[in-house]
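All remarks here apply to the structure that follows.
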Amino acid sequence: QVQLTESGGGSVQAGSSLKLSCRINRFTSNSNCVGWFRQPPGKDREGVAVIWTGGSDTSYDDSVKGRFTVSLDYAKTTWYLQMNNLKPEDTAIYYCAADMGRKCDSNWSWWLRYTAFGKGTKVTVSS
């Protein structure tokens, strides 16, 4: 059974940085689309960023481009979300996600395609 464990959330001031980590107990394929979703208070879950485990392809939501960076350490079965210049609108529960056996594509932000999610870590950004 695949298990994802996030860490790294917290409460910060606007303009600060945080780095989230997500470790999966095992990859069942060399080609997986993994990344991050978030759910702001009172809103639907939305895609933030993804990376393909078979290469360096990444995709980002427009709201985080230039501020967030997704990266992967395949040997450690861990991926990361470096969040810089955080804004109050980044406040959300952040979930890591894995779509095993498939590359990331134009539908990467459709959360129903992902077969595993972490339990979530809270990020609060105050102004």
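All residue numbers in this chain count up from 1 along the given sequence.
For the 3.5 Å distance criterion, the side chains of Asp73 and Thr78 fail to qualify, holding no donor opposite an acceptor. Remark: the Asn30 side chain and the Tyr74 side chain contain an N/O donor-acceptor pair separated by less than 3.5 Å. A side-chain N or O of Ser31 and one of Trp52 form a donor-acceptor pair less than 3.5 Å apart.
In the hydrophobic cluster analysis, where Ile, Leu, Val, Met, Phe, Trp and Tyr join through side-chain heavy atoms closer than 4.5 angstrom, Val2 is grouped apart from Tyr114. Linking Ile, Leu, Val, Met, Phe, Trp and Tyr residues whenever their side-chain heavy atoms come within less than 4.5 Å places Met100 and Ile51 in a single cluster. In terms of hydrophobic clustering, with Ile, Leu, Val, Met, Phe, Trp and Tyr side chains grouped at heavy-atom distances under 4.5 Å, Leu72 and Tyr94 are assigned to a common cluster. Under a hydrophobic-cluster definition in which Ile, Leu, Val, Met, Phe, Trp and Tyr are linked whenever side-chain heavy atoms come within less than 4.5 Å, directly or via other members, Val123 and Tyr80 are assigned to different clusters. There is no path of hydrophobic side-chain contacts, each under 4.5 Å, that joins Tyr60 to Val50.
Between Lys65 and Asp62, at least one side-chain N (NZ, or NE/NH1/NH2) sits under 4.0 Å from a carboxylate O, which counts as a salt bridge. Of the charged side-chain nitrogens involved, none lies within less than 4.0 Å of a carboxylate oxygen, so that Glu6 and Lys119 do not count as a salt-bridged pair.
The closest donor-acceptor contact from the side chain of Trp79 to the backbone of Gly35 lies under 3.5 Å. A side-chain donor-acceptor contact under 3.5 Å links Arg67 to the backbone of Ser63. When atom types are taken as modelled, the side chain of Thr77 and the backbone of Asn25 share no donor-acceptor pair closer than 3.5 angstrom. Using a distance-only test at 3.5 Å, with no hydrogens or angles considered, a donor-acceptor pair links the side chain of Thr115 to the main chain of Ala98.
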Output, in order, the C-alpha distance, side-chain angles, deciding distance and verdict of side chain to side chain contact (heavy atoms under 4.5 Å, CB included) for Phe27 and Val34. CA-CA 10 Å; Phe27 285 120; Val34 299; 4.1 Å; yes

Audit row: Arg38, Val64, side chain to side chain contact (heavy atoms under 4.5 Å, CB included) steps and yes/no: CA-CA 12 Å; Arg38 67 185 180 186; Val64 306; 4.0 Å; yes

Working note: Trp36 + Val70, criterion side chain to side chain contact (heavy atoms under 4.5 Å, CB included); need CA distance, chi angles, decisive distance, verdict. CA-CA 8 Å; Trp36 299 90; Val70 60; 4.1 Å; yes

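Across Gly101 and Asn32, no two heavy atoms sit closer than the pair N-OD1, 3.0 Å. Considering every non-hydrogen atom in both Ala14 and Pro88, the closest pair reads CB-CD, 4.1 Å. When all heavy atoms of Pro41 and Thr91 are compared, the pair lying nearest together is CD-O, 3.6 Å.
Within the 4.5 Å cutoff, no side-chain heavy atoms of Gln13 are placed close to those of Leu86. With a 4.5 Å cut-off on side-chain heavy atoms, Val48 and Leu81 count as touching. In this structure the side chain of Lys76 never reaches within 4.5 angstrom of the side chain of Ile24, judged on heavy atoms. Residues Trp111 and Glu46 are not in side-chain contact: their nearest non-hydrogen atoms beyond the backbone lie 4.5 Å or more apart. Contact of the Arg113 side chain with the Asp105 side chain is registered, since non-hydrogen atoms from C-beta on lie closer than 4.5 Å.
Residue Phe37 forms a ring-ring contact (aromatic ring centres under 6.0 Å, His included) with just one option from Phe117, Tyr95, Trp110, and that option is Phe117.
Taking OG from Ser7 and NZ from Lys19, the interatomic distance works out to 10.5 Å, rounded to the nearest 0.5 Å. Interatomic distance, Arg45 CZ to Leu112 CG, rounded to the nearest 0.5 Å: 9.0 Å. A distance of 13.5 Å separates OG in Ser127 from NZ in Lys87, rounded to the nearest 0.5 Å. The OG1 atom of Thr124 sits 7.5 Å away from the CD1 atom of Ile93 when rounded to the nearest 0.5 Å. For the atom pair Leu18 CG and Ser11 OG, the distance stands at 8.5 Å (nearest 0.5 Å). Gln82 CD to Ser17 OG: the interatomic distance, rounded to the nearest 0.5 Å, is 5.5 Å.
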